There are 2 protein chains.
Amino acid sequence: MCHIVMNGIIEEEKPAALSPLEIEAIEMFIGFLKLIGLPKSVGEIYGLLFVATKPLTMDDLIGRLRISLGAASQGLKLLRSVGAVKVVYSPGERRDHYVADLALSKFASAFIRDELDPRINRAMERIARMETEALLMDEPDKKITFQRIERLRHWMQRGQKMLPWILKFLVR
Amino acid sequence: MCHIVMNGIIEEEKPAALSPLEIEAIEMFIGFLKLIGLPKSVGEIYGLLFVATKPLTMDDLIGRLRISLGAASQGLKLLRSVGAVKVVYSPGERRDHYVADLALSKFASAFIRDELDPRINRAMERIARMETEALLMDEPDKKITFQRIERLRHWMQRGQKMLPWILKFLVR
DNA sequence: CACTATCTTCAATAAAAAATGAAACCATCC
DNA sequence: GGATGGTTTCATTTTTTATTGAAGATAGTG
């Protein structure tokens, strides 16, 4: 952390208030990332990094966004795990510096990989179990139920087909 | 509500416990609908209706899922608004009877219409404001910032292009 | 190696979201 | 019109989720 001398006393430098541009970016990412289940603090961090023209340290984030140490650390961890934030090496500097990876597709593909895909797989197992259960039913419900299960399976397959396509479209 | 006589006293009929098949369906829909931000109770209601071979009343849902009156009413309201649940008329019956609309695309299109689309539009406005803000900046940050804003716009446009396509794919 | 700056973790707290149920509302029947 | 069965609404409570910050771990430094 840098210092400035004032009145002969050493004080912590007050972090610059967020500019209107930064606020727009932050609000925007809070909204989009909340949509895929990410907490506000993660949106704040990514939003600020997205419009930052220089790498920022965790202290910068804590000071300017006024979030806690824990939130900053955890948010960065998540963003790194998703590939949306990178650590850049600053020679001579001890602390890590972070920059945003500008490829927003990172979020979409992480969402698909971490949330959608596993859920579809579990659903497929469920569907199999549901079918063995349905065997025990009596007509006419049995028939109706099989039709519905079949429909579920159909949707899941459609999803599985579609996801790689979406990914390809996004990443390119 | 039906009644049964027991010990000479009129009692409420105990609702049938959920079958394994019903539980699978319910858990499955809880998971998927939570993914698009819908509460558990909505997933429960839709899940049970999806595998129900007969229209169910609100009382049925309350009794079998053990949810409150309010949750049932609000959940059904939401599901109706999305087109995922229909009211069917039962002659002679006073209370409403509900069935699931089996087209799961209803959820996806509602999500796109209610969450994604408006958010993209607001983002476009933000982007415009960000650009006017960026005009005030000094080089070299100015240039970098314009590039980033341009990239944001690019992604939003890509999203706007993609959504109708996804919708078409889903609805068919 | 001892020291210090930095980062991570996690139990406790705060904030946000969902569920509850009583009261208000509505429609139908007699 | 009044009574009754059914539904919606909404203030309160409960549950879930996110944030905080101090303690612990880690790594660079002299």
Side-chain angles (χ1 to χ4, degrees), chain A residues 1-3 10 12-13 26 29-31 33-49 55-81 85-98 114-115, chain B residues 1-3 10 12-13 26 29-31 33-49 55-81 85-98 114-115:
Chain A
M1 173 65 76
C2 309
H3 295 86
I10 296 180
E12 297 273 310
E13 186 174 1
I26 290 166
F29 280 108
I30 289 176
L33 298 198
K34 173 141 52 182
L35 223 53
I36 58 173
L38 299 182
K40 189 174 156 203
S41 60
V42 172
E44 295 177 290
I45 295 169
Y46 187 78
L48 184 53
L49 286 175
L56 300 182
T57 66
M58 223 164 80
D59 271 4
D60 294 333
L61 294 167
I62 291 167
R64 304 203 58 213
L65 297 171
R66 304 167 145 284
I67 60 179
S68 71
L69 193 57
S73 174
Q74 298 198 142
L76 285 169
K77 178 182 176 185
L78 191 155
L79 286 165
R80 257 161 18 224
S81 82
V85 158
K86 307 280 185 222
V87 182
V88 295
Y89 172 69
S90 287
E93 287 272 12
R94 198 144 158 195
R95 59 185 83 172
D96 287 339
H97 289 241
Y98 301 95
D114 299 342
E115 308 284 345
Chain B
M1 172 66 75
C2 310
H3 295 85
I10 295 180
E12 297 272 309
E13 186 173 0
I26 290 167
F29 280 107
I30 288 175
L33 298 197
K34 174 141 52 183
L35 222 53
I36 59 173
L38 300 182
K40 189 174 156 204
S41 60
V42 171
E44 295 176 291
I45 295 169
Y46 187 78
L48 184 52
L49 285 175
L56 301 182
T57 65
M58 222 164 83
D59 272 2
D60 294 333
L61 295 168
I62 292 168
R64 303 204 59 213
L65 296 171
R66 303 168 143 285
I67 60 179
S68 71
L69 194 59
S73 174
Q74 297 201 140
L76 284 168
K77 179 182 175 183
L78 191 156
L79 286 165
R80 256 162 17 223
S81 84
V85 158
K86 307 282 185 221
V87 183
V88 295
Y89 172 68
S90 287
E93 286 272 10
R94 200 143 159 199
R95 61 185 80 173
D96 286 339
H97 288 240
Y98 301 95
D114 299 342
E115 309 285 343

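In what follows, chains are A, B, ... by sequence order, proteins preceding strands, each numbered from 1. These numbers were taken from a predicted model, which means no experiment stands behind them.
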Search all heavy atoms of Glu44(B) against all heavy atoms of Ile30(B) and return the closest pair with its distance. CG-CD1, 3.7 Å
Please give me the minimum heavy-atom distance between Leu38(A) and Val42(A), naming the atom from each residue. CD1-CG1, 4.1 Å
For residues 68-75 of chain B, tabulate all N or O donor-acceptor pairs below 3.5 Å that involve a side-chain atom, not counting sequence neighbours.
{"unit_1": "Ser68(B)", "atom_1": "OG", "unit_2": "Ala71(B)", "atom_2": "N", "d": "3.1"}

List the residues meeting ring-ring contact (aromatic ring centres under 6.0 Å, His included) with Tyr98(B), not counting sequence neighbours, and say none if there are none. none
How long is the gap from CG on Leu79(B) to NZ on Lys86(B), to the nearest 0.5 Å? 11.0 Å
Could you work out, with salt bridge (Lys or Arg N to Asp or Glu O under 4.0 Å) as the rule, every residue matching Lys34(B), not counting sequence neighbours? none
What's the NE2-P distance between His97(B) and dG5(D), to the nearest Å? 16 Å
Starting at atom CD1 of Ile62(B), determine the distance to atom C1' of dG6(D), rounded to an integer number of angstrom. 10 Å
Whole Å only: how far is the CG atom of Leu78(B) from the P atom of dT7(D)? 18 Å
When every non-hydrogen atom of Ile62(A) is compared with those of Ile67(A), the smallest separation belongs to CG2-O, 3.2 Å
Just to confirm, is there a sub-4.0 Å distance from OP1 or OP2 of dT8(C) to any side-chain nitrogen or oxygen of Arg80(A)? yes
Starting at atom NZ of Lys77(B), determine the distance to atom C1' of dC10(D), rounded to an integer number of angstrom. 11 Å
Measure from CD1 on Ile30(A) to P on dA15(C) and round the result to the nearest Å. 16 Å
Scan residues 62-80 of chain A for pairs that pass salt bridge (Lys or Arg N to Asp or Glu O under 4.0 Å), counting only residues two or more places apart or in two chains. Glu22(A)-Arg64(A)
Gap between atoms CD and C1', on Glu93(A) and dA5(C) respectively (whole Å): 12 Å
Met58(A) CE to dC7(C) C1', in whole Å, measures 5 Å
Expected output check: what is the dot-bracket annotation of DNA chain D, where ( ) and [ ] are pairs inside the strand (brackets for crossing ones), | is paired with another strand, and pairs are Watson-Crick or G-U under 3.5 Å? ||||||||||||||||||||||||||||||
Per-nt protein contacts along nucleotides 17-30 of chain C (heavy atom under 4.0 Å; B base, S backbone sugar-phosphate only, - none) come out as -SSBB-----BB--
Quick one: closest heavy-atom pair of Ile26(A) and Leu48(A), and the distance? CG1-N, 3.7 Å
